[in-house]
Amino acid sequence: MKVANIDHRAHLVEGGLCFDIAQASDGPFPADPQAVFARWQEVSDWAAGSSLGNGRPYRASELLPPVPRPRQIFAVGLNYLEHAAEARVEPPREPMVFTKFVTSLTGPRGTVALPSASVDWEVELVVVIGRAAWQIEAEDGWKYVAGLTIGQDLSDRARQFAGSQPQFSLSKSHPGFSPIGPYVADVREVPDPDDLAIECSVNGEVMQRDRTASMLFSVGEIMARLSRILPLLEGDIIFTGTPAGVAIGRTPQRYLRAGDRLASRIEGLGEMLHDMTGAATAAREHGTQPGRN
């Protein structure tokens with residue numbers, strides 16, 4: 001089952017067609033894409049055993065964020081060994097967690113306005129919570145996951161390192177800085193959710209390529225450690241970290257520029273495409289040079 005947000009309504013997508021869940025089910029399930037995650041198991045069972053009727057073709061440009069209003073957005077930093085190495089820091093002993101803000105969410109296609117000349121890419125596997133999780137064990141983590149999607153944790157490095165201490169959440173929460181999509185794939189239909197090919201390219205040049213099996217802290221471990229501190233709620237999302245190959249770790253550094261096309265791909269989860277526009281000169285305005293993540 002793949003669930004997308006089309007025209008602000010929850011749709012199943014399959015074979016180039018989309019099916020409005022509320023209409024195809026004749027009413028028992030919500031049209032609101034966010035509300036689907038609280039009933040994910042029911043919707044999945046219905047989709048597996050029902051005739052959906054006639055779908056319609058859809059365009060990629062119609063796709064909106066598949067999780068439009070999560071109550072909590074978590075992100076994990078330095079969760080790949082080679083990314084920690086390119087950042088010239090010791091690998092973390094505990095997951096390095098920060099938050100992103102919901103107004104930064106955008107869909108899997110479209111444009112992103114660059115607020116500075118130091119915006120970096122970070123492709124990530126995004127986990128969508130399907131059952132409230134509180135003080136769970138790592139081996140049980142996947143039982144609480146509805147599905148998976150692709151994300152980009154775009155980062156304004158000048159803003160991130162403008163002060164005496166790094167500023168993660170704000171530097172990664174400009175409008176459009178949290179693209180997700182193109183849909184949420186039911187985790188039970190992903191052959192090996194702990195080992196997926198992940199990559200990011202700019203103008204066709206591959207910048208990041210790895211497998212999610214390289215994560216220092218697995219999805220189950222991330223969920224267990226978060227749930228020891230606070231409840232994870234249905235429809236929450238977790239950005240699980242990015243592989244090596246980000247702009248700030250390159251020599252010379254090469255950040256996103258107006259006119260660039262950013263492609264994000266994860267095995268079995270599709271592709272996102274975003275065009276950059278409106279680069280500014282925020283690095284000079286902040287009076288600092290970007291540091292390293």
Side-chain angles (χ1 to χ4, degrees), residues 1-73 105-109 125-133 136 140-151 179-197 212 219-220 223 232-238 264-273:
M1 180 176 76
K2 300 179 178 69
V3 174
N5 179 357
I6 299 174
D7 196 26
H8 303 284
R9 294 176 66 89
H11 285 71
L12 298 179
V13 292
E14 191 64 46
L17 299 178
C18 66
F19 304 83
D20 187 295
I21 290 176
Q23 293 176 1
S25 65
D26 200 23
F29 297 119
D32 179 2
Q34 190 65 43
V36 166
F37 299 105
R39 301 182 64 184
W40 187 264
Q41 184 66 59
E42 294 175 76
V43 174
S44 180
D45 292 344
W46 162 78
S50 300
S51 174
L52 297 175
N54 295 324
R56 71 166 179 87
Y58 66 95
R59 301 181 305 277
S61 60
E62 294 183 78
L63 297 170
L64 301 171
V67 190
R69 300 184 313 280
R71 286 173 286 185
Q72 302 182 106
I73 303 176
L105 287 175
T106 193
R109 297 292 176 99
L125 177 69
V126 174
V127 170
V128 186
I129 303 301
R131 292 171 52 198
I136 66 172
D140 295 326
W142 284 115
K143 297 177 183 178
Y144 296 84
V145 175
L148 302 172
T149 193
I150 307 170
I180 57 173
Y183 45 73
V184 175
D186 193 316
V187 71
R188 294 169 299 177
E189 299 178 14
V190 178
D192 187 352
D194 279 311
D195 186 18
L196 300 172
T212 59
V219 168
M223 292 184 60
L232 304 177
L233 307 174
E234 297 95 336
D236 285 352
I237 61 177
I238 304 173
S264 313
R265 304 179 185 91
I266 297 181
E267 180 182 1
L269 303 181
E271 176 184 70
M272 300 197 302
L273 294 173

Can you check whether L233 reaches I129 side chain to side chain, under 4.5 Å on heavy atoms? no
Under the side-chain hydrogen bond (donor to acceptor under 3.5 Å, both in side chains) test, residues paired with Q34 that sit two or more places apart: none
Candidate pair M1 and L12, rule side-chain contact (heavy atoms from CB on, under 4.5 Å), full reasoning: CA-CA 7 Å; M1 180 176 76; L12 298 179; 3.4 Å; yes
Tell me the closest heavy-atom pair linking V36 and A10, and the distance in Å. CG2-CB, 3.5 Å
Within a strict 4.5 Å, meaning less than it, do heavy atoms of the L64 and H8 side chains meet? yes
Treating T149 as the side-chain partner and G181 as the backbone partner, does any N or O pair qualify as donor plus acceptor under 3.5 Å? yes
Spacing of H11 atom NE2 and L52 atom CG [to the nearest 0.5 Å]: 11.5 Å
For the residue pair P182 and I150, what are the closest heavy atoms and their distance? CD-CD1, 4.2 Å
Measuring from Q23:CD to N54:CG, what's the distance to the nearest 0.5 Å? 12.0 Å
Quick one: are V126 and V67 in side-chain contact, heavy atoms under 4.5 Å? no
With the side chain counted from C-beta on, respond yes when C18 and R56 share a heavy-atom pair under 4.5 Å apart, and no when they do not. yes
Does anything in residues 26-50 pair up under ring pair (Phe, Tyr, Trp, His ring centres under 6.0 Å), and if so which pairs, sequence neighbours excluded? F29-W46, F37-W40
Work out which heavy atom in P193 is nearest to a heavy atom in V187; give both atom names and the distance. CB-CG2, 4.0 Å
Nearest-0.5 Å distance, CZ of residue R109 to CG of residue L63: 7.5 Å
One should read off an interatomic distance between L125 CG and S264 OG, to the nearest 0.5 angstrom, of 12.5 Å
Determine whether V127 and L148 make a side-chain contact, defined as any pair of heavy atoms from C-beta on separated by less than 4.5 Å. yes
Considering only NZ, NE, NH1 and NH2 on the basic side and carboxylate oxygens on the acidic side, decide whether R71 and E234 come within less than 4.0 Å. yes
Which residues satisfy the side-chain hydrogen bond (donor to acceptor under 3.5 Å, both in side chains) test with R188, sequence neighbours excluded? Q41, S44, D186
Pairs in or reaching into residues 8-33: which pass salt bridge (charged side-chain N to carboxylate O under 4.0 Å, His left out), with residues at least two apart or in two chains? R9-D20, D32-R69
Residue that, paired with P33, satisfies side chain to side chain contact (heavy atoms under 4.5 Å, CB included) out of V3, I6, N5: N5
Determine, stepwise, if the pair D194 / T212 fulfils side-chain contact (heavy atoms from CB on, under 4.5 Å). CA-CA 6 Å; D194 279 311; T212 59; 5.7 Å; no
Heavy-atom closest pair, residues G107 and P179: O-CB, 3.8 Å
Is the closest side-chain heavy-atom distance between L232 and Y144 below 4.5 Å? no
Going by heavy atoms in the side chains, are P66 and I180 under 4.5 Å from each other? yes
Please list, chain by chain and in numerical order, all residues satisfying side-chain hydrogen bond (donor to acceptor under 3.5 Å, both in side chains) with R131, sequence neighbours excluded. none
Is there side-chain contact between I73 and L105, with at least one heavy-atom pair below 4.5 Å? yes
Sequence neighbours excluded, the answer for side-chain contact (heavy atoms from CB on, under 4.5 Å) partners of L17 is F19, P57
